[in-house]
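Here the structure comes first, spelled out in structure tokens, and everything after it is commentary.
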Number of protein chains: 2
Amino acid sequence: MKLTSKGRYAVMALADLARFDNVNPVSLRDISLRQGISLDYLEQIFSKLRKKEIVQSVRGIQGGYVLNKNAKEIKLTNIFDAVDEKVKTVQCKKESKKGCNGKSTKCLTHNLWDELENHINNFFEEKSLYDLVKDNSERRI
Amino acid sequence: MKLTSKGRYAVMALADLARFDNVNPVSLRDISLRQGISLDYLEQIFSKLRKKEIVQSVRGIQGGYVLNKNAKEIKLTNIFDAVDEKVKTVQCKKESKKGCNGKSTKCLTHNLWDELENHINNFFEEKSLYDLVKDNSERRI
DNA sequence: TATAAACCTGACTAAAATAGTCAAGTATAT
DNA sequence: ATATACTTGACTATTTTAGTCAGGTTTATA
């Protein structure tokens with residue numbers, strides 16, 4: 001059970017962006033250098049973030065990305081959703097909800113996995129990008 | 001972020017065991033049939049569970065496995081730990097705790113991942129095998 | 001208006017993890 | 001005796017991950 005780099009990088013990059021986007025757009029190159037994430041990989045990630053309207057792009061020299069919403073309105077859920085970082089506990093979801101293929105003993109633990117998924121997703125629902133940067137605002141230059 | 005089959009199967013198999021081990025040891029073959037898990041794979045899993053003293057084996061005809069502790073004392077944490085299902089959110093843990101390699105901007109999100117790990121692990125600490133089977137005891141034959 | 005910075009896209013791939021299978025045993029109740 | 005069931009270790013196909021690579025397009029500014 002682990003978080004993938006894609007989800008982790010997305011949050012790291014947006015946290016970085018949230019701290020530095022006050023004046024100008026932030027270039028991926030800067031984020032790449034500060035966070036130690038490959039530029040090419042960042043481009044993939046930001047392409048998805050843009051499609052989900054979490055960030056906005058500014059092309060050309062001095063271009064980059066800016067947040068498309070207030071940092072308080074961007075939940076971790078939204079970020080993970082954008083980059084396809086899903087919380088999956090069990091496959092049998094798509095089948096009939098009760099009994100999982102009719103074998104009633106099979107999914108003794110079905111409710112457990114549901115609870116676990118909810119438990120984790122609640123965490124992501126409660127945290128916003130703002131929650132991350134406010135704690136680090138004293139580091140701001 | 002997903003739960004692996006190994007962890008999931010371990011819990012499913014133990015829940016099955018907890019329901020049926022009142023009288024006799026439960027054979028892996030029975031669990032395999034009821035839960036739809038490959039026998040060979042179950043053997044790998046139970047080998048680990050036995051080493052961690054979560055179950056006890058009984059050899060020979062009519063043999064099988066029994067729980068080695070009261071179901072209330074077996075937490076999901078213990079199960080996942082036994083089969084190496086770990087909750088991992090971030091790699092930089094092993095390095096220096098502050099700043100992650102000295103780059104102070106890098107781990108803006110470090111605390112977040114710690115919180116997430118704790119959040120998930122708390123869930124596993126709170127749930128015991130008994131919690132699973134008590135909810136399903138009315139299904140018992 | 002040339003040009004370099006920076007965004008944009010899709011295809012490709014090496015490495016790691018996963019989810020098993022397979023083979024060859026050993027122990028013991030009946 | 002012997003069938004049942006545990007025991008162990010090696011092996012492997014598939015999938016996922018975590019990127020790289022190549023080739024663009026856009027636009028501020030000198």
Side-chain angles (χ1 to χ4, degrees), chain A residues 1-13 17 20-21 24-52 54-66 68 80 83-91, chain B residues 1-13 17 20-21 23-52 54-66 68 80 83-92:
Chain A
M1 174 140 239
K2 67 163 192 262
L3 197 66
T4 66
S5 288
K6 192 167 273 181
R8 199 158 39 83
Y9 287 171
V11 175
M12 286 169 70
L17 190 57
F20 289 98
D21 77 340
N24 298 312
V26 179
S27 72
L28 293 188
R29 188 171 158 281
D30 285 354
I31 295 177
S32 168
L33 291 173
R34 278 195 295 261
Q35 304 298 326
I37 304 168
S38 133
L39 181 60
D40 283 313
Y41 205 23
L42 276 178
E43 278 170 353
Q44 275 187 46
I45 291 168
F46 273 78
S47 168
K48 294 181 181 212
L49 293 174
R50 195 176 62 82
K51 279 171 190 159
K52 289 294 171 71
I54 290 171
V55 295
Q56 226 176 339
S57 67
V58 179
R59 302 192 94 166
I61 284 180
Q62 300 284 43
Y65 287 91
V66 290
N68 200 25
F80 284 145
V83 299
D84 303 311
E85 175 85 48
K86 299 224 177 69
V87 176
K88 277 190 203 168
T89 53
V90 66
Q91 292 94 336
Chain B
M1 172 141 242
K2 67 165 192 256
L3 198 66
T4 66
S5 288
K6 192 167 272 180
R8 200 157 40 83
Y9 286 171
V11 175
M12 286 168 70
L17 190 58
F20 290 96
D21 78 339
V23 189
N24 298 313
V26 179
S27 73
L28 293 189
R29 188 172 157 281
D30 285 353
I31 295 178
S32 168
L33 290 173
R34 279 197 293 262
Q35 304 297 327
I37 304 169
S38 133
L39 181 58
D40 283 312
Y41 206 23
L42 275 178
E43 280 167 351
Q44 275 186 45
I45 292 168
F46 273 78
S47 169
K48 293 179 181 215
L49 293 174
R50 194 177 62 82
K51 279 172 190 159
K52 289 294 172 71
I54 291 170
V55 296
Q56 227 176 339
S57 68
V58 179
R59 303 193 90 163
I61 285 181
Q62 299 284 44
Y65 287 90
V66 289
N68 200 26
F80 284 145
V83 298
D84 303 311
E85 174 85 46
K86 299 222 177 69
V87 177
K88 276 190 206 169
T89 52
V90 67
Q91 292 95 336
C92 57

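Chain letters run A, B, ... following the sequence lines, proteins first and then strands; every chain starts at 1. Below, each value reflects all heavy atoms present in this structure, side chains not excepted, and no hydrogens, waters or symmetry copies.
Once rounded to the nearest 0.5 Å, the distance linking NZ of Lys6(A) with CD of Glu85(A) reads 9.5 Å. Here the straight-line distance linking atom OH of Tyr65(A) with atom CG of Leu42(A) works out to 9.5 Å at 0.5 Å rounding. Between atom CZ of residue Phe20(A) and atom CZ of residue Arg34(A) there is a gap of 4.0 Å, rounded to the nearest 0.5 Å.
In this structure, CD1 of Ile45(B) is placed 15 Å from P of dT7(D), rounded to the nearest angstrom. Rounded to whole Å, the distance from CD1 on Ile37(A) to P on dT17(D) is 17 Å. Taking atom NZ of Lys86(A) as the reference point, atom C1' of dT17(D) lies 15 Å away to the nearest angstrom. Regarding Arg8(A), its CZ atom lies at a distance of 11 Å from the C1' atom of dA18(D), rounded to whole Å. One can place CD of Glu85(A) at 13 Å from P of dG19(D), the figure rounded to the nearest angstrom. Rounded to whole Å, the distance from CE on Met1(A) to C1' on dT16(D) is 16 Å. At whole-Å resolution of the value, CD in Gln35(B) and P in dG20(C) are 14 Å apart. The separation between Leu42(B) atom CG and dC22(C) atom P is 16 Å, rounded to whole Å.
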Nucleotides 2-12 of chain C: protein proximity per nucleotide (B base, S sugar-phosphate only, - neither; heavy atom, under 4.0 Å)
--BSSBBB-B-
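In the model, Ser5(A) has a side-chain atom that pairs as donor or acceptor with a side-chain atom of Arg8(A) under 3.5 Å.
For the OP1/OP2 pair of dA19(C) and a distance below 4.0 Å, the side-chain nitrogens and oxygens of Tyr9(B) include no atom meeting the criterion.
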Donor-acceptor pairs are to be reported for all side-chain atoms of residues 24-31 of chain A against protein atoms at under 3.5 Å, with residues two or more places apart or in another chain.
from: Ser27(A); atom 1: OG; to: Asp30(A); atom 2: N; distance (Å): 3.2

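A distance-only check finds a donor-acceptor pair linking the side chain of Ser32(B) to the backbone of Ile37(B) [under 3.5 Å].
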